[in-house]
**Q** 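Handing you this structure, nothing more for now.
None of the values given here were measured: they were computed from a predicted structure.
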Amino acid sequence: MAHQHVVQRDDGTWAVRGEGNERDTSRHDTQQQAQQRAKEIATNQGGDVITHGRDGKIRARDSYGNDPFPPPG
C-alpha cells in the first residue's frame, strides 16, 4: 500500500510524493491538481492521499485502499 502525500514546495507549486520516496512523483500549479493526481495513484496502488496545508500540517486524509466493508465494530 503506497500512501501519496500532497505538499506545497518553496516555489509555490504543489507536489505529489509517495511515502518513503526521495523525489516528488509530480508537480502541479494548484493543490487541486496535485490532489487529483494523488487520488489516481492511490486508487491504482490501493493507498491513502494525505493532504498537507501550507503550514505542512495534515489537513485531510482519504483512503482509496482495500478498506473492510462493513467496518469492524
Side-chain angles (χ1 to χ4, degrees):
M1 184 176 322
H3 300 310
Q4 304 300 314
H5 291 260
V6 175
V7 294
Q8 189 173 38
R9 295 293 176 220
D10 291 339
D11 64 1
T13 61
W14 289 87
V16 177
R17 179 180 280 194
E19 193 166 288
N21 292 347
E22 292 183 19
R23 295 184 178 176
D24 295 336
T25 303
S26 60
R27 290 242 180 149
H28 306 272
D29 292 331
T30 68
Q31 187 182 48
Q32 184 178 3
Q33 291 169 336
Q35 285 175 311
Q36 180 59 39
R37 181 64 183 129
K39 178 181 175 181
E40 292 168 2
I41 296 168
T43 299
N44 192 29
Q45 296 182 359
D48 294 354
V49 173
I50 302 166
T51 303
H52 299 259
R54 295 180 198 275
D55 60 3
K57 294 181 182 176
I58 294 174
R59 50 177 277 214
R61 183 177 188 139
D62 297 299
S63 178
Y64 297 94
N66 297 317
D67 293 333
F69 187 82

**Q** Counting only heavy atoms not in Arg54 (residues, nucleotides, ligands), do more than 12 fall under 6.0 Å from its CZ?
**A** no
**Q** Taking the side chain as every heavy atom from C-beta outward, state whether Val49 and His3 have any pair of such atoms under 4.5 Å apart.
**A** no
**Q** Can you establish whether the number of heavy atoms outside Gln32 located under 6.0 Å from its atom CD is more than 12?
**A** no
**Q** Counting N and O atoms only, with roles assigned by atom type, does the side chain of Gln33 sit under 3.5 Å from a partner on the main chain of Thr30, one being a donor and the other an acceptor?
**A** yes
**Q** Evaluate the side-chain proximity of Asp48 to Asp62: yes if any heavy-atom separation is below 4.5 Å, no if none is.
**A** no
**Q** How many angstroms lie between atom CZ of Arg27 and atom CZ of Arg37, to the nearest 0.5 angstrom?
**A** 15.5 Å
**Q** Any chance the side chains of His28 and Ser26 put a donor and an acceptor closer than 3.5 Å?
**A** yes
**Q** With no hydrogens and no angle check, is any side-chain donor or acceptor of Thr43 less than 3.5 Å from a backbone partner on Lys39?
**A** yes
**Q** Looking only at non-hydrogen atoms, find the nearest pair between Trp14 and Val6 and report the distance.
**A** CE3-CG1, 4.1 Å
**Q** Mind checking the CD-CD1 spacing from Gln36 to Ile41? Nearest 0.5 Å is all I need.
**A** 10.5 Å
**Q** Any side-chain heavy atom of Thr25 within less than 4.5 Å of one from Gln4?
**A** yes
**Q** With side chain to side chain donor-acceptor pair (under 3.5 Å) as the test, pick out the partner of Thr51 among Arg61, Gln35, Gln31, Arg59.
**A** Gln35
**Q** Under 3.5 Å, is there a donor-acceptor pair linking the side chains of His52 and Gln8?
**A** no
